[in-house]
There are 2 protein chains.
Amino acid sequence: MATYHHGDLRTAVLAAAGKLIEKEGLGGLSVREAARRAGVSHNAPYRHFPDRDALLAALAAQGFSQLGKALEGRSGRELGEAYVRFALGHPQRFRLMFGGQLALDRYPELRTQAEATHGRLTAAFAGLGAEAKFAAAAAWSLVHGLAQLILDGHFENDEGFVTKVIGAIRFAVGPQRSA
Amino acid sequence: MATYHHGDLRTAVLAAAGKLIEKEGLGGLSVREAARRAGVSHNAPYRHFPDRDALLAALAAQGFSQLGKALEGRSGRELGEAYVRFALGHPQRFRLMFGGQLALDRYPELRTQAEATHGRLTAAFAGLGAEAKFAAAAAWSLVHGLAQLILDGHFENDEGFVTKVIGAIRFAVGPQRSA
DNA sequence: CGCCTGAAGTAGACAGTGGCCACATAAGTG
DNA sequence: CACTTATGTGGCCACTGTCTACTTCAGGCG
């Protein structure tokens with residue numbers, strides 16, 4: 001059997017929790033169950049996360065990082081589609097990231113990761129003058145809301161639909177020649 | 001003191017739960033606490049709601065109904081602003097409505113109320129031909145995402161900001177003469 | 001080499017929760 | 001009045017997050 005000391009429990013717990021969340025939903029994730037899956041006593045995770053919320057925050061931060069990678073190098077409507085695709089591919093993770101139960105202020109890493117993603121979004125709208133900020137915000141809002149509403153079952157989950165919705169808008173001070 | 005039978009426990013529990021949720025957040029709401037506030041034993045609510053989720057679903061349905069009223073008679077960007085204002089005014093309720101922990105299929109009233117709201121949104125885009133559906137979806141997505149991202153602290157909570165973001169887009173096949 | 005300090009993991013306890021059960025009470029109905 | 005049925009009570013169970021005290025081990029220092 002393995003050693004008494006696990007070696008990399010933090011990672012193991014995160015992985016277990018990640019699987020749990022995606023299978024059982026956010027409510028189905030308990031620290032104890034994650035510990036069980038990692039083959040460790042119910043209390044061990046507390047050596048690595050001060051409390052349950054901290055574990056959630058770590059999962060969310062991980063999610064932001066993944067989302068960042070998924071958006072890398074894309075722009076225009078391709079970027080939007082990638083955003084939605086990520087949300088639909090990792091629904092529970094996405095919910096966790098934007099569920100609002102995590103106080104952004106309390107978990108610095110979370111904030112950092114989130115802002116990195118934010119930056120990626122706004123970067124795609126650079127060079128549009130003063131209005132760029134609002135256009136970027138609108139773009140993010142659009143794809144974010146779209147993803148959320150599909151996840152909630154208010155819209156059909158269909159690739160073509162997403163494309164058409166994203167295509168249905170133009171930016172007031174925008175790049176008509178977007179990719 | 002009051003009678004053994006409460007009279008309208010269902011309403012009382014809903015009210016108590018509503019206050020709780022807005023004060024403590026979604027996690028702070030327990031059936032038992034709601035029962036306490038309603039001055040009734042821990043189990044009484046279960047006569048009116050099969051389980052905790054059903055209580056949440058009822059709260060959410062209520063929320064959709066309120067949202068519906070808030071949107072009544074409005075159109076164009078005024079409608080969008082009203083949507084966001086509702087979300088910012090009842091943040092926890094809004095989160096509950098769109099948090100995704102409620103299986104829309106399992107609670108018919110929820111679905112009904114949600115679709116009524118949906119209808120109100122799309123109605124504002126009637127008469128735009130085949131593309132209307134997508135424009136309406138885009139509009140809903142935009143304001144929904146905007147609200148959510150503000151609630152999460154990713155955007156500033158500012159009336160002027162909202163107006164400008166909403167103003168930053170045009171619809172491909174849209175009503176240039178919107179209110 | 002052996003000790004020993006501190007990090008990592010374990011074991012047990014506690015209050016609070018959702019949800020089940022059997023029982024008590026009230027309100028209508030014949 | 002008797003009886004049925006909705007409504008509310010109290011006790012119970014498994015489970016959870018989190019606290020406190022104990023155990024095991026790894027690495028540095030003599």
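Letters A, B, ... are given to chains in the order of the sequence lines, protein chains preceding strands, and every chain is numbered from 1.
- For a distance-only test at 3.5 Å, the side chain of A:R32 qualifies as a donor-acceptor partner of the base of D:dG17.
- Whole-Å rounding puts the B:D8 CG to D:dG8 P distance at 9 Å.
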Under 3.5 Å, which donor-acceptor pairs do the side chains of residues 46-56 of chain A form with other protein atoms, sequence neighbours left out?
{"residue": "A:D51", "atom": "OD1", "partner": "A:D53", "partner atom": "N", "Å": "3.4"}
{"residue": "A:D51", "atom": "OD1", "partner": "A:A54", "partner atom": "N", "Å": "3.0"}
{"residue": "A:R52", "atom": "NH2", "partner": "A:L29", "partner atom": "O", "Å": "2.7"}

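- Counting heavy atoms from C-beta outward, A:F125 and A:F171 have side chains that approach closer than 4.5 Å.
- Rounded to whole angstrom, the span from the CG atom of A:D51 across to the C1' atom of D:dT16 amounts to 14 Å.
- At least one side-chain heavy atom of B:R95 sits less than 4.5 Å from a side-chain heavy atom of B:L151.
- Distance, A:Y46 OH to C:dA13 C1': 14 Å, rounded to whole Å.
- Here the P atom of nucleotide C:dG18 and the CD atom of B:Q101 are 14 Å apart, to the nearest Å.
- Taking every side-chain heavy atom of A:H48 into account, C:dA8 is the closest of C:dC20, C:dA8, D:dT20.
- The nearest heavy atom of DNA chain D to B:S41 and to A:D53 marks one nucleotide each, and the one closer to the 5' end goes with B:S41.
- On a pure distance criterion of 3.5 Å, a polar donor-acceptor pair joins the side chain of A:H42 and the base of C:dG12.
- Between B:R10 atom CZ and D:dG8 atom P the separation is 12 Å, expressed in whole Å.
- D:dT18 atom P lies 13 Å from atom CZ of A:F49, rounded to whole Å.
- The side chain of B:N43 has D:dG10 as its nearest neighbour among D:dG17, D:dG8, D:dG10.
- Side-chain atoms of B:A44 lie closest to D:dT9 of the nucleotides D:dT16, D:dT9, C:dG19.
- Taking atom CG of residue A:L56 and atom C1' of nucleotide D:dG17, one finds them 12 Å apart after rounding to whole Å.
- Aromatic ring centroids of B:F98 and B:F64 lie under 6.0 Å apart.
- When the side-chain nitrogen and oxygen atoms of A:S30 are compared with OP1 and OP2 of D:dT16, one or more of them lie within a distance under 4.0 Å.
- Between the C1' atom of C:dT17 and the CG atom of B:L26 lies a distance of 15 Å, rounded to the nearest Å.
- Closest to the A:R47 side chain, of the nucleotides C:dA8, D:dT16, C:dG18, is C:dA8.
- Comparing C:dG19, D:dT16, D:dG17 by their closest approach to the side chain of A:R36 singles out D:dT16.
- Residues satisfying the ring pair (Phe, Tyr, Trp, His ring centres under 6.0 Å) criterion with B:H90, sequence neighbours excluded, are B:F86.
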